[in-house]
Number of protein chains: 2
Amino acid sequence: MTRPRGRPHRDKAPASRDQILTAALELLDTGGIEAFTMRALADRLQVNPMTIYHHFGDRDGLIDALSEHVYAEVTAPASGTFHDRIRSLLNAYHDRVISHPGLTLLIFRQPAVFPRQAQRITDDIDQLLVEAGLPSERSRRWLNILVDFTHGAAIAAAMGDRSNSAVSDAKDDYDKTLTELLKGVET
Amino acid sequence: MTRPRGRPHRDKAPASRDQILTAALELLDTGGIEAFTMRALADRLQVNPMTIYHHFGDRDGLIDALSEHVYAEVTAPASGTFHDRIRSLLNAYHDRVISHPGLTLLIFRQPAVFPRQAQRITDDIDQLLVEAGLPSERSRRWLNILVDFTHGAAIAAAMGDRSNSAVSDAKDDYDKTLTELLKGVET
DNA sequence: ACCTGAACACCGTTCAAGT
DNA sequence: ACCTGAACACCGTTCAAGT
């Protein structure tokens with residue numbers, strides 16, 4: 001009558017936070033937002049769905065951890081001209097955002113999990129604009145332009161072609177467009 | 001043993017396409033993307049969920065019909081300067097997008113339903129830029145800037161404050177930012 | 001601490017049937 | 001033509017329990 005319970009295979013290593021995050025990103029990048037379910041992720045990890053809850057609390061917690069993981073290394077170089085520093089920061093951000101468009105959509109869907117990293121990146125851009133000597137209204141306006149444009153470009157990338165060549169084209173295009181926009185900041 | 005089947009009340013008018021669309025927009029604007037389910041919409045209409053399927057096929061069909069309905073009247077004025085016509089078109093688009101941020105998110109989520117209206121609006125902007133005499137590479141670049149920025153601003157609005165004052169501030173802000181961007185187009 | 005199965009309250013959608 | 005209830009194959013998540 002009773003079926004076996006508890007951990008079945010002693011030989012299987014316990015799923016680590018990092019393994020779950022890696023598998024989650026793979027699932028999201030491969031199958032898109034539709035395929036990204038707790039149950040599908042558990043299947044991929046050969047694990048019970050509840051294991052994931054043990055590590056991340058709930059789905060929002062997992063998404064939050066994913067964005068911390070993906071955006072962690074987006075930082076501005078410490079030195080250089082204003083132009084170069086902001087261009088470098090935004091390119092780095094765009095690169096992460098375009099590499100995982102599904103994650104971008106997930107974040108946009110749930111206001112509750114707007115990640116600390118995204119907030120920090122926004123703050124960094126803001127600070128760079130202020131350092132560049134822009135008056136506060138102009139700096140706020142250009143912050144919006146740069147951030148909103150980047151997010152819009154992410155959406156376009158998430159909806160369109162996701163082949164390698166399309167991604168590298170998109171990066172190139174973004175950088176060129178950024179240069180065009182930064183002309184506006186500097187006048 | 002058998003319970004009553006078929007249409008129960010003769011006094012209830014059949015749900016029209018337009019009633020369903022109106023109720024769907026209300027549900028989406030009030031409760032956001034999370035609350036927007038076929039079953040919740042049916043409840044609100046006091047109707048069986050399957051009634052909606054009869055009119056729109058499936059959920060994607062409903063979203064598609066919603067976007068046709070919401071974006072239908074976004075058009076550029078026939079006459080005026082290039083600057084005024086493009087500004088008017090983009091303000092109209094932004095106004096619709098910001099009035100129904102949940103719809104914007106729904107569309108972004110499903111590449112399959114990128115609506116004809118959105119495509120048409122994009123094409124209209126493109127044509128205005130070409131008419132303005134921009135060389136094709138510059139016109140493609142500015143099309144991306146204007147459209148992606150507008151979508152990014154929509155996302156920001158969808159995630160943030162949705163009070164009446166915040167919405168009117170956002171409109172004002174968008175128009176001012178647009179003017180700033182259009183300076184870049186004209187040089 | 002880490003993982004499990006069973007269960008709960010939801011989804012979108014298909015089906016066969018009523019009027 | 002228009003609408004119905006029941007059912008199917010999913011969801012995220014809670015619970016109580018195993019090792």
Side-chain angles (χ1 to χ4, degrees), chain A residues 1-21 23-24 27-28 31-66 102 105-107 109-113, chain B residues 1-21 23-24 27-28 31-66 102 105-107 109-113:
Chain A
M1 203 69 173
T2 51
R3 313 240 255 96
R5 295 208 182 188
R7 175 166 44 185
H9 320 306
R10 265 259 168 255
D11 57 335
K12 206 176 69 184
S16 72
R17 252 183 86 93
D18 245 46
Q19 276 170 345
I20 296 176
L21 288 176
L27 180 62
L28 192 51
I33 212 171
E34 315 260 85
F36 186 73
T37 70
M38 300 301 269
R39 287 169 123 110
L41 176 56
D43 268 11
R44 174 178 273 257
L45 285 162
Q46 302 263 58
V47 124
N48 186 288
M50 298 313 106
T51 301
I52 304 165
Y53 285 81
H54 180 260
H55 286 278
F56 299 98
D58 61 5
R59 196 168 184 269
D60 279 1
L62 174 59
I63 296 171
D64 200 54
L66 276 175
L105 288 178
L106 281 183
I107 292 166
R109 257 191 67 180
Q110 268 135 331
V113 294
Chain B
M1 202 69 169
T2 51
R3 315 239 256 94
R5 295 209 185 190
R7 175 166 42 185
H9 321 305
R10 266 259 168 256
D11 57 336
K12 207 178 67 184
S16 73
R17 252 183 85 93
D18 245 47
Q19 277 170 344
I20 297 175
L21 288 176
L27 179 62
L28 192 51
I33 212 172
E34 314 260 86
F36 187 74
T37 69
M38 301 300 270
R39 288 170 123 111
L41 177 56
D43 268 11
R44 173 178 273 257
L45 286 162
Q46 302 263 58
V47 124
N48 187 287
M50 298 312 106
T51 301
I52 305 166
Y53 284 81
H54 180 260
H55 287 277
F56 299 99
D58 60 5
R59 197 169 183 268
D60 279 1
L62 175 59
I63 296 171
D64 201 54
L66 276 175
L105 288 178
L106 281 183
I107 292 166
R109 258 190 66 181
Q110 268 134 331
V113 293

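Letters go in sequence order (proteins before strands), and every chain restarts at 1. This structure is a prediction, so every number in the text was calculated from the model and none was measured.
What separates CG of A:Leu106 from C1' of D:dG12 is a distance of 14 Å, to the nearest Å. To the nearest angstrom, P of C:dA1 lies 20 Å from CD1 of A:Ile52. Note: NE2 (A:His54) to C1' (D:dT14) measures 15 Å, nearest angstrom. The CZ atom of B:Phe56 sits 14 Å away from the P atom of C:dT13 (whole-angstrom rounding). In this structure, CE of A:Met50 is placed 13 Å from P of C:dA6, rounded to the nearest angstrom. Rounding to whole angstrom units, CD of residue A:Gln46 and P of C:dC3 are separated by 14 Å. Atom OH of B:Tyr53 and atom P of D:dT4 are 14 Å apart (whole Å). Atom C1' of nucleotide D:dC11 and atom CG of A:Asp43 are separated by 13 Å, given to the nearest angstrom.
Among D:dT13, C:dC3, C:dT13, the nucleotide with an atom closest to any side-chain atom of B:Pro49 is C:dT13. Picking from C:dT4, D:dT4, D:dT13 the nucleotide with the shortest atom distance to the side chain of A:Val47 gives C:dT4. Checking C:dC3, D:dA6, D:dC3 against every side-chain atom of A:His55, the shortest atom distance belongs to C:dC3. When distances are taken from the side chain of B:Thr51 to each of D:dT4, C:dG12, C:dA1, the shortest belongs to D:dT4.
Within residues 31-41 of chain B, the residues approached by DNA chain D to less than 4.0 Å at the level of any non-hydrogen atom are B:Arg39, in residue-number order.
For A:Asp60, the side-chain hydrogen bond (donor to acceptor under 3.5 Å, both in side chains) partners are A:Gln110, not counting sequence neighbours. By the side chain to side chain contact (heavy atoms under 4.5 Å, CB included) test, B:Leu106 is found to be paired with B:Leu28, B:Ile33, B:Phe36, B:Arg59, B:Ile63, residues two or more places apart in sequence or in another chain being considered. For A:Arg39, there are no side-chain hydrogen bond (donor to acceptor under 3.5 Å, both in side chains) partners at least two apart in sequence or on another chain. Taking the side chain to side chain contact (heavy atoms under 4.5 Å, CB included) definition, one finds that A:Tyr53 meets it with A:Met38, A:Met50, A:Asp58, sequence neighbours left out.
Below the 3.5 angstrom threshold, one finds a donor paired with an acceptor across the side chain of B:Asn48 and the base of D:dG5.
Once rounded to the nearest 0.5 Å, the distance linking CD1 of A:Ile107 with CG of A:Leu66 reads 8.5 Å. Of the inter-residue distances, the one linking B:Glu34 atom CD with B:Leu105 atom CG reads 10.5 Å to the nearest 0.5 angstrom.
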* Structure fact -> Under the rule of Watson-Crick or G-U wobble with both distances under 3.5 Å, where | means paired to another strand and [ ] a crossing pair, DNA chain D maps to ||.|||||...|||||.||
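Looking at every heavy atom in both residues, B:Ala65 comes nearest to B:Arg17 through CB-NH2, 3.8 Å. Heavy-atom minimum distance, A:Phe56 versus A:Ile20: CE1-CG2, 3.5 Å.
Looking only at side-chain heavy atoms (C-beta outward), A:Leu62 and A:Ile52 come within less than 4.5 Å of each other.
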